[in-house]
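Take a look at the structure set out below.
Note: hydrogens, waters and symmetry copies are ignored here, and every other heavy atom, side chains too, is used. Computed from a prediction, not measured in an experiment: that's the story for all the values here. Just so you know, ligand 1 is whichever comes first in the structure, and atom 1 is the first atom listed for that ligand.
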Amino acid sequence: MWPFKLDNLDDLIRMREELKVPLEVSEDVGCLRQAVSIGPLSAPNSLAVQPMEGCDGDAAGRPRPLTARRYERFAGGGAGLLWFEAIAVAGEGRANPRQLWLNGETAGDFEKLVRQTRETARQRCGADHRPVLIAQLTHSGRYSKPDGTAKPVISCHDPYRDAMAPQIRPDKNFPMKLPPEYPVLTDDELDRLQASYVKAARLAFEAGFDGVDIKACHGYLISELLAGHTRQGRYGGAFENRTRFLLDVVERVREAAGSGKIITTRLGMYDALPLPYGWGVDREDYARADLAEPMKLIGLLEERGVAMVNVTLANPYYNPHCNRPFNQPVKGGYESPEHPLTGVSRAIELAGQVQRAFPKMAIVGSGYSWLQMMMPFVGAGVKRAGKAALIGAGRMAFAYPDFAHDILEKGQLDPDRVCISCSACSQIMRDGGITGCPVRDREVYGPIYRKILESLKTSNPREKKS
Ligand SMILES: Cc1cc2nc3c(=O)[nH]c(=O)nc-3n(C[C@H](O)[C@H](O)[C@H](O)COP(=O)(O)O)c2cc1C
Ligand code: SF4
């Protein structure tokens with residue numbers, strides 16, 4: 001386990017020197033107040049709430065009261081960009097039976113959610129404060145669990161992901177390893193799936209979102225397609241084929257989007273899995289990123305009018321230490337093999353390379369929550385260095401929805417409210433619960449977390465000792 005407290009800049013700088021990792025810092029956080037142009041839109045400041053799924057919709061995919069509460073808290077927190085969580089485009093692609101799902105039946109509830117979010121932002125942060133609202137559209141691919149049991153939808157087999165899926169998402173109803181004869185989506189099925197994205201995007205625009213994210217990260221369907229080197233046919237093998245689905249969907253959604261609407265993607269830059277199964281990895285050493293292909297893809301996205309990319313990496317099921325650096329793993333997970341600051345620095349550097357290569361785009365950086373009270377100073381350092389236009393907060397927003405207000409108004413964060421990277425929210429999600437922060441939002445999520453821990457003790461008596 002890594003040290004839990006990080007509350008002064010000298011300690012952080014010392015840590016940076018010891019680990020020999022790049023990390024810009026700035027005590028002056030004023031630059032985070034800058035508005036950011038995103039195509040035809042403008043985010044009123046440089047702080048973003050990252051997509052954070054609460055697994056709290058109803059069976060039809062509608063937002064429920066806890067969903068509305070989450071966005072009310074985010075909206076009142078003052079960030080300039082609110083990136084709504086993963087919303088399924090198809091029932092069979094839901095990651096859990098309570099994942100939000102945008103369709104003809106639920107669209108009206110999303111419209112209400114967007115309206116309430118805007119109203120809260122206006123009331124709490126002033127009439128001029130109009131955050132940019134993005135809907136993240138997804139198909140969970142091999143992590144689909146639409147009825148609570150694993151129903152993987154895969155685009156190709158690979159020994160790493162096939163072996164790990166049931167272990168990281170324990171499911172007594174599913175074999176421990178995906179058998180080689182397990183069916184793979186056909187090209188025709190993928191063609192048809194494109195239409196689900198376009199339909200959901202249209203509904204999202206009608207509901208009042210400013211933009212849609214065609215999610216391409218974290219091992220879900222489109223992210224898996226990007227790494228489909230071994231897949232045959234129109235969607236596998238060559239770069240043109242692996243990127244076809246994402247580019248086609250972006251193109252088709254662009255035709256459906258009215259003026260003033262934007263299309264974006266949350267893009268995994270680097271899978272940290274060996275070739276021929278990884279995306280964005282070095283041919284000789286998969287522990288190193290090779291951004292040649294992801295950069296080429298971003299160039300093609302820019303040509304298609306994409307003005308913002310939310311940069312992330314890896315897979316929260318397989319290598320969460322890369323994706324969301326933590327102090328404490330989930331139960332049944334692994335200790336981080338590297339210092340979490342190394343992971344934070346890697347995420348920042350990857351985003352920085354993209355921002356510098358595409359200076360006209362607004363790049364959103366991820367993975368800052370481990371920094372606790374130091375997050376504003378690193379965020380400001382990154383922004384000043386031109387390594388990201390927007391600084392995103394994921395777990396920090398769960399723990400401390402007012403983080404942006406406090407950074408912008410007070411220049412610092414409250415030590416009693418910051419995220420402590422304890423993985424409890426990931427634990428609840430992994431074990432099928434409605435999630436949030438049981439540490440800083442204890443009244444609501446504490447009982448849920450305690451129940452999960454109890455059920456783990458019953459299912460695995462060894463947990464009683466830990
Ligand atoms: C409980 C939980 C839910 C998440 N839900 C989503 C999601 O819906 N979509 C997504 O792209 N990332 C999701 N993430 C990842 C975060 O957006 C973010 O990338 C990650 O936590 C690292 O950023 P941080 O260090 O600020 O937390 C989730 C993470 C957690 C812990
Ligand atoms: S449970 Fe709360 S404190 Fe722990 S990692 Fe999640 S958001 Fe952070």
Side-chain angles (χ1 to χ4, degrees), residues 4 47-57 67 70 74 79 82-88 94-96 98-100 134-138 140 143 213-220 222-223 264-269 310-317 320-330 333 340-341 343-344 346-348 351 364-372 374-375 378-379 390-401 403 415-442 444-446 448-449 452:
F4 249 79
L47 292 167
V49 171
Q50 292 285 16
M52 290 296 288
E53 200 182 339
C55 314
D56 50 18
T67 328
R70 180 164 56 262
F74 289 166
L82 305 182
W83 205 292
F84 282 55
E85 68 202 72
I87 303 169
R94 292 173 87 188
N96 62 72
R98 296 182 310 276
Q99 183 170 45
L100 299 184
I134 302 294
Q136 180 174 72
L137 303 182
T138 193
S140 297
Y143 303 114
D213 157 21
I214 311 302
K215 182 178 187 178
C217 59
H218 302 165
Y220 298 110
I222 299 184
S223 150
T264 173
T265 182
R266 193 164 203 215
L267 183 65
M269 297 296 292
N310 189 335
V311 169
T312 179
L313 69 155
N315 181 316
Y317 307 113
H321 71 282
C322 297
N323 175 268
R324 51 184 78 152
F326 53 80
N327 285 320
Q328 208 176 335
V330 292
L341 188 61
V344 172
R346 181 189 297 114
I348 289 173
V364 187
S366 306
Y368 288 83
S369 293
W370 179 83
L371 291 162
Q372 299 185 8
M374 298 301 106
M375 184 211 156
V378 174
L390 288 133
I391 307 302
R395 293 163 293 175
M396 185 69 87
F398 255 14
Y400 191 166
F403 76 94
D416 294 329
R417 299 189 66 195
V418 293
C419 167
I420 54 169
S421 311
C422 68
S423 297
C425 50
S426 298
Q427 185 84 53
I428 300 176
M429 188 168 176
R430 180 187 123 122
D431 290 300
I434 288 175
T435 197
C437 178
V439 179
R440 305 298 193 197
D441 197 1
R442 197 170 302 160
V444 176
Y445 297 101
I448 299 174
Y449 184 48
I452 295 273

Top protein contact for [atom], by heavy-atom distance:
| atom | value |
| --- | --- |
| atom 20 (C) of ligand 1 | Arg324 CB, 4.0 Å |
| atom 8 (O) of ligand 1 | Ala86 N, 3.1 Å |
| atom 23 (O) of ligand 1 | Gly367 N, 3.4 Å |
| atom 24 (P) of ligand 1 | Ser369 OG, 3.2 Å |
| atom 22 (C) of ligand 1 | Asn323 O, 3.5 Å |

Please determine if [X] has a nitrogen or oxygen closer than 3.5 Å to a nitrogen or oxygen of ligand 1.
| X | result |
| --- | --- |
| Cys425 | no |
| Glu53 | yes |
| Gln136 | yes |
| Pro51 | yes |
| Ser426 | no |

Which one holds for [X] and ligand 1: side chain close, backbone close, both close, or neither close, with close meaning a heavy atom under 4.0 Å?
| X | value |
| --- | --- |
| Arg266 | side chain |
| Met429 | side chain |
| Ser421 | neither |
| His218 | side chain |

Donor-acceptor pair, [X] side chain versus [Y] backbone, under 3.5 Å?
| X | Y | result |
| --- | --- | --- |
| Arg440 | Val418 | yes |
| Ser369 | Ala393 | no |
| Ser140 | Arg94 | no |
| Arg98 | Cys55 | yes |
| Asn327 | Ile420 | yes |

Under a 4.5 Å cut-off applied to non-hydrogen side-chain atoms, are [X] and [Y] in contact?
| X | Y | result |
| --- | --- | --- |
| Cys419 | Met375 | no |
| Leu341 | Leu371 | yes |
| Tyr445 | Val439 | no |
| Asp213 | Phe84 | no |
| Ile348 | Tyr368 | yes |
| Thr312 | Asn323 | yes |
| Ile134 | Arg266 | no |
| Phe326 | Arg395 | yes |

Any luck finding a side-chain donor-acceptor pair between Asn310 and Trp83 under 3.5 Å? no
The one among Arg395, Arg430, Met52 that brings a heavy atom closest to atom 25 (O) of ligand 1: Arg395
Short list, please: which atoms of ligand 1 are under 4.0 Å from a heavy atom of Tyr368? 25 (O), 26 (O)
Within the 4.0 Å heavy-atom shell around Gln50, which atoms of ligand 1 are there? 17 (O)
Should the pair Phe74 and Phe398 be assigned to parallel (<30°), tilted (30 to 60°) or perpendicular (>60°) ring geometry? parallel
Using a cut-off of 2.8 Å, find all protein N, O or S atoms closer to atom 2 (Fe) of ligand 2 than that distance. Cys437 SG
Taking heavy atoms and a distance under 4.0 Å, where does Ser426 meet ligand 2: side chain, backbone, both or neither? neither
Contact between ligand 1 and Thr138 is defined here as a heavy atom of the residue under 4.0 Å from a ligand atom; is it met? no
Counting each atom of ligand 2 from 1 as listed, which ones have a heavy atom of Ser421 under 4.0 Å away? 5 (S), 8 (Fe)
Applying side chain to side chain contact (heavy atoms under 4.5 Å, CB included) between Glu85 and each of Gln99, Gln50, Glu53, report the one that passes. Glu53
